[in-house]
Amino acid sequence: MPYLVDFKDVSTQGLESSPVADALAGLRPNEARYLKNKFNHDFAVEQAADAQDTIAWVNKILAEERDLHIASTPLQATIFEADGAKRAYVFYESGLSINVLYGLEPGEKRAVGFKLSDGMEVPDELQEKFKFARQKSKLAGTIRGSYFVIKNEY
C-alpha cells in the first residue's frame with residue numbers, strides 16, 4: 001500500500017531498518033516538498049517488494065550507463081510522470097536515495113541523482129566515481145549529492 005509522504009510531520013515509516021533512518025526519513029519529505037511546490041504532485045512511495053519494476057528500471061540505467069550495482073537493499077520506491085518527465089525514486093537501507101529524471105521527449109533532460117543521508121558513508125560502489133556536493137536541508141540536515149547525465153534510451 002502506498003505511503004503518502006508528509007513534509008510537515010517526518011516519519012521513519014518503512015525505513016526503520018536503516019542505521020540512519022531519521023536522516024533518510026528527512027530525505028523523503030525534502031523531495032515531497034519540492035515536488036508539491038514545483039509540480040503540485042503528492043509524493044507517495046511503495047515498499048520495495050511492491051515496486052520491483054521501478055527498482056529494475058533504475059538498476060538497468062545504473063548498470064548500462066555506469067556499470068553501477070548498488071549493494072544496499074532498497075526499502076521504498078516510486079515512479080510517476082510530472083512536467084513531461086518520468087521520475088523515479090529509490091530509497092536504500094544504507095541511507096542512499098537515487099532519483100531518475102527521464103524527459104519523455106527527445107532532447108529533454110535525463111539524469112540520475114544520488115543523495116546521501118546525513119551520517120552515512122559514501123558507498124564503496126560510488127566512492128571513486130563521483131564527487132558529492134553538500135547542501136543544507138531543514139528536513140534532512142546535511143545532504144551530499146551528485147549526478148550523471150543519461151546518454152541512452154530507456
Side-chain angles (χ1 to χ4, degrees), residues 1-63 68-104 109-127 130-148 150 154:
M1 181 169 170
Y3 167 70
L4 181 62
V5 178
D6 182 348
F7 54 86
K8 294 181 178 133
D9 183 27
V10 177
S11 168
T12 59
Q13 182 176 335
L15 306 174
E16 297 88 354
S17 65
S18 173
V20 291
D22 289 337
L24 182 56
L27 281 179
R28 289 187 311 193
N30 185 61
E31 300 296 343
R33 181 175 53 201
Y34 168 77
L35 294 166
K36 186 67 172 176
N37 290 340
K38 183 88 172 167
F39 308 113
N40 197 31
H41 176 78
D42 292 323
F43 190 58
V45 294
E46 296 180 296
Q47 290 305 113
D50 299 324
Q52 289 302 307
D53 289 346
T54 300
I55 294 167
W57 185 67
V58 171
N59 286 342
K60 179 179 179 169
I61 293 170
L62 293 173
L68 283 175
H69 306 278
I70 304 302
S72 184
T73 303
L75 298 177
Q76 294 181 326
T78 189
I79 194 165
F80 57 93
E81 286 184 26
D83 196 37
K86 184 189 268 190
R87 297 165 187 271
Y89 290 80
V90 182
F91 297 91
Y92 294 86
E93 191 170 42
S94 65
L96 175 67
S97 170
I98 295 178
N99 66 75
V100 174
L101 167 68
Y102 191 85
L104 298 174
K109 291 180 184 177
R110 295 177 177 169
V112 173
F114 303 97
K115 290 187 179 170
L116 308 177
S117 294
D118 207 1
M120 75 170 283
E121 296 296 322
V122 176
D124 290 342
E125 58 271 28
L126 304 179
Q127 187 79 40
F130 299 96
K131 297 213 182 290
F132 289 85
R134 295 182 188 278
Q135 70 182 60
K136 286 284 195 184
S137 164
K138 288 182 182 178
L139 295 167
T142 299
I143 301 170
R144 291 167 291 158
S146 191
Y147 76 98
F148 69 84
I150 296 172
Y154 298 95

**Q** Hey, does the side chain of Gln135 reach the backbone of Gly145 with a donor-acceptor pair shorter than 3.5 angstrom?
**A**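 Not confirmed, Gln135 side chain does not pair with Gly145 backbone.
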**Q** If you count every heavy atom of other residues, nucleotides or ligands that lies below 6.0 Å from Glu16 atom CD, does the total exceed 12?
**A**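 Enclosed: over 12 neighbouring heavy atoms sit under 6.0 Å from CD of Glu16.
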**Q** CG of Asp53: more than 12 outside heavy atoms within 6.0 angstrom?
**A**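 For Asp53, atom CG is not crowded (no more than 12 foreign heavy atoms under 6.0 Å).
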**Q** For the residue pair Val20 and Asp118, establish whether any side-chain heavy-atom pair is separated by less than 4.5 Å.
**A**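 A side-chain contact is absent here, since even the closest heavy-atom pair is not under 4.5 Å.
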**Q** Are Val100 and Tyr154 side-chain neighbours, meaning at least one heavy-atom pair lies under 4.5 Å?
**A**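 No. Closest side-chain heavy atoms not under 4.5 Å.
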**Q** Mind checking the CD1-CG spacing from Ile143 to Asn30? Nearest 0.5 Å is all I need.
**A**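 Answer rounded to 0.5 Å: 4.0 Å.
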**Q** Start with the C-alpha gap between Lys115 and Glu31, add the side-chain angles, then the distance that decides, and say whether side-chain contact (heavy atoms from CB on, under 4.5 Å) holds.
**A** CA-CA 11 Å; Lys115 290 187 179 170; Glu31 300 296 343; 2.5 Å; yes
**Q** Are side-chain heavy atoms of Ile79 and Lys86 found at a separation under 4.5 Å?
**A**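 Yes; the side chains approach each other to less than 4.5 Å.
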**Q** Looking just at side-chain N and O atoms, do Glu46 and Gln76 make a donor-acceptor pair shorter than 3.5 Å?
**A**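 Side-chain D/A pair, Glu46 to Gln76: absent.
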**Q** So how far is it from Gln47 CD to Gln13 CD, rounded to the nearest 0.5 Å?
**A**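 So the CD of Gln47 and the CD of Gln13 are separated by 7.5 Å.
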**Q** Where do Ser72 and Leu96 land on the side-chain contact (heavy atoms from CB on, under 4.5 Å) test, with the steps shown first?
**A** CA-CA 8 Å; Ser72 184; Leu96 175 67; 5.9 Å; no
**Q** Rounded to the nearest 0.5 Å, what separates atom CD1 in Ile98 from atom CD1 in Ile55?
**A**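 Going from the CD1 atom of Ile98 to the CD1 atom of Ile55 covers 10.5 Å.
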**Q** Which pair of non-hydrogen atoms, one from Pro74 and one from Ala48, has the smallest distance, and what is that distance?
**A**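 Result for this residue pair: O-CB, 3.3 Å.
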**Q** I need the minimum non-hydrogen distance between Asn59 and Tyr92, along with the two atoms involved.
**A**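 For Asn59 and Tyr92, the tightest heavy-atom pair comes out as OD1-OH, 4.0 Å.
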**Q** Quick one, Asp83 and Lys38 - any side-chain contact, counting heavy atoms below 4.5 Å?
**A**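 Result no, sub-4.5 Å side-chain heavy-atom pair not found.
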**Q** Among Phe130, Phe91, Tyr89, which residue meets the ring-ring contact (aromatic ring centres under 6.0 Å, His included) test with Phe114?
**A**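 Result: among Phe130, Phe91, Tyr89, Phe130 is the only option passing the ring-ring contact (aromatic ring centres under 6.0 Å, His included) with Phe114.
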**Q** Quick one: does Leu126's side chain get under 4.5 Å of Phe132's, heavy atoms only?
**A**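 SC-SC contact between Leu126 and Phe132 confirmed.
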**Q** Kindly determine whether Asp42 and Lys36 satisfy side-chain contact (heavy atoms from CB on, under 4.5 Å), including the steps that lead there.
**A** CA-CA 6 Å; Asp42 292 323; Lys36 186 67 172 176; 2.8 Å; yes
**Q** Surrounding OH of Tyr3 (heavy atoms of other residues, nucleotides or ligands, distance under 6.0 Å), is the total greater than 12?
**A**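 Counting other residues, nucleotides and ligands, OH of Tyr3 exceeds 12 neighbours.
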**Q** What pair of heavy atoms forms the shortest contact from Ala32 to Val5, and how long is it?
**A**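 Closest heavy-atom pair between Ala32 and Val5: CB-CG1, 3.8 Å.
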**Q** Rounded at 0.5 Å granularity, tell me how far CG in Leu75 sits from OG in Ser94.
**A**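 Leu75 CG to Ser94 OG: 8.5 Å, rounded to 0.5 Å.
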**Q** Which residue in the set Thr12, Leu15, Thr78 passes side-chain contact (heavy atoms from CB on, under 4.5 Å) when paired with Arg28?
**A**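 Only one of Thr12, Leu15, Thr78 forms a side-chain contact (heavy atoms from CB on, under 4.5 Å) with Arg28, namely Leu15.
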**Q** Any side-chain heavy atom of Trp57 within less than 4.5 Å of one from Tyr102?
**A**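 The answer is yes, as the side chains (C-beta and beyond) meet within the 4.5 Å cut-off.
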**Q** Quick one: pull up CG in Leu104 and CZ in Arg110 and give me the separation to the nearest 0.5 Å.
**A**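 One gets 7.5 Å once the value is rounded to the nearest 0.5 Å.
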**Q** Might you work through the side-chain contact (heavy atoms from CB on, under 4.5 Å) test for Arg87 and Phe39, ending with a clear yes or no?
**A** CA-CA 12 Å; Arg87 297 165 187 271; Phe39 308 113; 3.2 Å; yes
